[in-house]
Amino acid sequence: MSFPEAEKRVSQIARRFYSPIFSLNFSQKIKGDPVIRRMLLLFFILTALDVQAAWARQPSDNNQKKSEKKTQTNLFQETLELPFKTTEGIVTSVFNLGSIVITPTRTAENVNSVGSSISVFTEEELEARGIQTVKDALRKDYSVDVSQTGTFGGNTSIFLRGANAGHTRVMVDGVRVFDPMAPNGAFDLTHFNMDNVRQIEVVKGPHSSLYGSDAMGGLVNIISRRGHGKPSVSAYGEMGSFQTYRGGVDCSGQTGRLGFALGSSYVNTDGISSARRDLGNYEKDPYENQSYSARLDYDLSEKIGVSYIGRYSYADYELDDAFAPLDDDNRKAWTRQILSSVVIDYNLTENLGQKLQWSQTGNYRRDFDENDPAHSLDYLRDWYYGETHQVDWTASYRLFEVNTLVAGVNYLKEKGSSYYYSSDSFGVSEAVFPKRYADTTGYFGEYRLNINDRLASTLSTRIENHSEFNANNTYRADAVYRINNVDTKLRAGYGTGFKAPTLYQLYAPADLYFLGGNTQLKPEESETYEFGVEQPFFSEELSFGVSYFHNDFKNLIDAVYNPSTFITDKYKNVSRSESYGYELPFRYTPSKTLQVTGNFAWLETEDLDTHEELLRRAKHKFNAGFYFTPFEKTSLGADCSYVGHRVDSGGRLLKSYFKTDLKLSYDVNPNYNVYLKVENLFDKKYEVLADYGTPGFSAYTGVKVRF
């Protein structure tokens with residue numbers, strides 16, 4: 001076929017496939033938005049060029065052509081089962097160490113062809129490191145700062161690449177989890193154990209164009225284990241410092257068309273004082289947690305599969321007074337978190353499929369504080385109930401073998417209510433938050449070009465409508481190129497993000513000291529660009545990467561406190577900030593018995609109105625992990641973490657610290673394992689938050705049995 005004939009054919013195909021796109025009339029906003037129009041134009045140009053290139057390629061071997069087409073089809077079929085097929089064959093590195101399946105593009109892609117910066121933590125890796133909670137796994141990521149008000153039951157916040165605590169979207173098997181009644185809407189990861197978790201993916205950079213609100217700093221996707229193979233049962237028990245006891249049972253496998261993975265666990269500890277002990281706080285704050293998880297996958301036919309995912313956790317714990325903080329024997333709380341999701345996965349043809357998912361989440365928490373001789377004026381009763389109902393539909397179409405089109409609609413209904421009553425030396429305070437609702441509908445589209453995992457690019461855009469404000473548009477574009485001979489990976493990306501105001505920020509009731517919520521709030525917004533390079537050496541024994549990123553945040557929402565009047569203003573869009581820095585992950589595997597992983601991050605943050613550093617973000621972070629198997633049945637893991645200085649509330653400067661953890665494991669036989677864990681080996685004194693306690697040297701011993 002001559003070039004003019006090919007060009008004519010491209011024009012005919014373009015009119016047939018893309019003229020409906022340009023004639024879409026979702027709203028006047030789409031028609032008038034130059035960004036979307038330019039992205040659609042770029043979409044057309046890229047596809048047209050690819051079609052011309054495809055016509056020029058004439059494989060000499062028809063069987064080879066059929067084999068390549070079959071490979072592309074199988075990869076496409078994996079797309080519609082995300083996040084349900086992202087758990088097989090995952091490596092633990094962010095470098096080019098093999099093909100893995102990931103979710104930043106909502107399509108199944110080789111890690112080499114993804115323009116986003118990604119960290120993947122697998123079940124095997126985290127078990128080898130002795131990590132038992134999601135929050136502790138995230139501490140090992142170079143882009144994440146984790147802060148907690150004390151240990152065990154204290155509230156946990158995560159800051160990804162310097163973004164605020166509510167700027168990271170947390171998902172469980174693709175379902176957005178958050179607390180509608182938290183002021184910033186962030187999900188509290190304190191009580192989320194590693195039960196039935198196959199892997200954790202941390203995707204950096206704004207992804208609101210695909211996932212909507214909250215995904216300004218990035219994504220955390222917690223993926224459940226999928227049952228397969230012969231049914232088996234495993235159980236573990238552990239005991240150690242602070243009178244801590246842990247235990248759990250897992251059952252997974254496959255019988256006929258049904259795959260199942262069930263898990264339960266229990267944690268009980270006397271704990272330590274939430275308030276720092278060296279400030280005269282000696283009362284311990286115990287913690288108890290019960291967690292249950294289930295995942296069922298049933299294949300109705302070769303084309304249709306149905307899945308159910310459920311999680312439930314209940315935590316009962318004690319706290320200390322937030323001011324100072326100080327010991328309070330009677331300050332108690334409980335938290336209950338629920339997730340339930342049903343998924344229908346339908347592959348219509350080899351190149352076209354869709355997924356429909358219904359989900360419900362619940363966050364319920366209460367606080368209690370009775371009068372006692374040491375706190376004769378303190379009395380507290382409050383409760384916060386938040387729920388969400390979500391429906392997600394996604395369709396994927398593989399076009400011309402190297403192109404993928406993804407489109408979808410997401411619907412979210414959130415509701416919440418709360419009650420607060422306290423009596424102290426300042427007087428009586430009562431606040432009633434009646435049940436409030438908010439609805440969000442988002443429409444997204446993505447174009448993905450991938451040529452032999454060497455050159456790949458992604459364009460995505462989203463329009464989101466909220467019940468309290470007009471449509472919000474976001475977009476992202478990234479590209480990656482791998483140099484053939486040296487396998488150098490070059491990548492770059494640019495995108496925008498947003499976060500909708502929370503129910504609390506919109507509708508919080510006013511009282512004597514707080515002027516309440518504000519229904520006139522605008523969404524918070526961000527703009528980010530990044531680029532990086534990754535390079536393997538010595539047949540991939542050594543891998544090294546470096547990335548640079550820059551975030552700009554505007555319209556940030558805050559309620560400003562006036563110390564002269566003791567009154568906090570209502571929520572407003574009042575501030576701007578920026579964060580930028582470098583990330584350097586590496587991995588070294590000199591032999592089959594030794595593996596070294598590590599990462600370093602340098603971060604600069606600034607409140608552009610006050611010109612001060614943002615709170616609780618470390619300027620420097622370093623992690624190193626050493627995994628050594630000197631004998632066939634024995635393994636030793638060591639984790640070393642350095643966290644640089646951070647600024648906390650009131651201008652307090654938290655000192656840097658270095659912490660080391662160890663785990664020694666021995667397989668008595670293939671079904672029986674014993675282990676010893678040591679945390680804070682050198683008994684380092686440090687603070688994560690000002691005046692809150694952290695545990696010193698602690699040791700735990702346990703046994704794991706498989707049937």
Side-chain angles (χ1 to χ4, degrees), residues 81-90 121-128 131-134 137 170-175 177 187 189-201 221-238 245-268 288-300 305-316 335-345 357-363 670-673 675 702-707:
E81 299 190 10
L82 286 172
F84 310 110
K85 284 195 176 180
T86 60
T87 63
E88 305 301 328
I90 303 298
F121 299 95
T122 66
E123 177 185 22
E124 294 81 8
E125 176 192 4
L126 295 176
E127 183 176 358
I131 294 174
Q132 295 173 312
T133 63
V134 172
V170 180
M171 301 183 292
V172 178
D173 291 307
V175 180
V177 290
F187 183 69
L189 287 166
T190 301
H191 317 290
F192 207 113
N193 297 328
M194 287 297 300
D195 304 338
N196 225 16
V197 173
R198 178 65 181 92
Q199 73 182 40
I200 303 171
E201 300 176 1
N221 194 11
I222 305 164
I223 299 173
S224 300
R225 182 190 303 122
R226 181 170 186 167
H228 60 85
K230 183 180 179 180
S232 63
V233 178
S234 65
Y236 73 93
E238 177 182 302
Y245 301 92
R246 298 177 185 267
V249 178
D250 293 314
C251 178
S252 64
Q254 186 170 0
T255 173
R257 295 183 175 184
L258 176 66
F260 60 92
L262 311 174
S264 65
S265 67
Y266 176 76
V267 180
N268 187 295
E288 183 180 11
N289 179 292
Q290 303 174 50
S291 296
Y292 306 91
S293 60
R295 174 168 172 171
L296 305 173
D297 300 280
Y298 187 77
D299 295 327
L300 295 174
V306 179
S307 302
Y308 171 78
I309 301 163
R311 287 188 173 271
Y312 173 86
S313 67
Y314 176 84
D316 197 347
T335 295
R336 184 170 45 147
Q337 296 174 334
I338 301 172
L339 179 145
S340 184
S341 182
V342 176
V343 184
I344 298 177
D345 199 359
Q357 186 167 12
W358 296 271
S359 307
Q360 181 177 359
T361 70
N363 283 268
N671 298 318
Y672 189 80
N673 172 267
Y675 61 88
V703 57
K704 187 170 184 179
V705 182
R706 301 177 180 87
F707 304 97

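Nearest heavy atom pair, residue N196 against residue G263, reads ND2-N, 4.4 Å. The two residues S264 and D250 make their nearest non-hydrogen contact at N-OD1, 4.3 Å. Across all their heavy atoms, A137 and I131 have their closest contact at N-CG2, 3.5 Å. Counting all heavy atoms, side chain and backbone alike, Q357 lies closest to V175 at NE2-CG2, 3.2 Å.
We find the OH-CG distance between Y298 and L258 to be 8.0 Å, quoted to the nearest 0.5 Å. Distance OH/Y236 to CZ/R706: 13.0 Å, rounded to 0.5 Å. Considering CG of L296 and CZ of F260, their distance stands at 9.0 Å, rounded to 0.5 Å. Here the CZ atom belonging to R295 is positioned 12.0 Å from the CG atom belonging to L262, to the nearest 0.5 angstrom. Between the CD atom in E123 and the CD1 atom in I223 there is a gap of 12.0 Å [rounded to 0.5 Å]. Atom OG in S265 sits 9.0 Å away from atom CD in Q132 (nearest 0.5 Å).
T361 has its side chain out of reach of I338: every pair of non-hydrogen atoms, C-beta onward, lies at least 4.5 Å apart. Residues V703 and Y672 meet the side-chain proximity criterion, which asks for heavy atoms closer than 4.5 Å. Contact of the V172 side chain with the R311 side chain is registered, since non-hydrogen atoms from C-beta on lie closer than 4.5 Å. Here the side chains of M194 and I200 are in contact, with some heavy-atom distance below 4.5 Å. Within the 4.5 Å cutoff, side-chain heavy atoms of K704 are placed close to those of E127. Inter-residue side-chain proximity for L339 and Y312 is flagged as unmet; no heavy-atom pair is nearer than 4.5 Å. The shortest side-chain heavy-atom distance between F187 and N363 falls under the 4.5 Å cut-off. Counting heavy atoms from C-beta on, the side chains of F192 and I222 come closer than 4.5 Å.
There is no side-chain donor-acceptor pair under 3.5 Å between S291 and S313. Side-chain contact check for Y314 and E288: no donor-acceptor pair (N or O, by modelled atom type) lies under 3.5 Å. A donor atom on one side chain and an acceptor atom on the other are found under 3.5 Å apart for Y266 and N268.
A distance-only check finds a donor-acceptor pair linking the side chain of T122 to the backbone of E125 [under 3.5 Å]. Looking only at distances, no side-chain donor or acceptor of D297 sits under 3.5 Å from a matching main-chain atom of G227. Distance alone, capped at 3.5 Å, is enough to place a donor-acceptor pair between the D173 side chain and the S224 backbone.
In terms of the salt bridge (charged side-chain N to carboxylate O under 4.0 Å, His left out) criterion, residue partners of R246 (sequence neighbours excluded) are, by chain and number, E238.
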#### Entry: side chain to side chain contact (heavy atoms under 4.5 Å, CB included) assessment of R198 paired with E124
CA-CA 8 Å; R198 178 65 181 92; E124 294 81 8; 2.9 Å; yes

### Query
Is there a side chain to side chain contact (heavy atoms under 4.5 Å, CB included) between Y308 and S340 once you walk through the steps?
CA-CA 8 Å; Y308 171 78; S340 184; 3.1 Å; yes

#### Entry: Pair V170-L189, side chain to side chain contact (heavy atoms under 4.5 Å, CB included): steps then yes or no
CA-CA 9 Å; V170 180; L189 287 166; 4.3 Å; yes

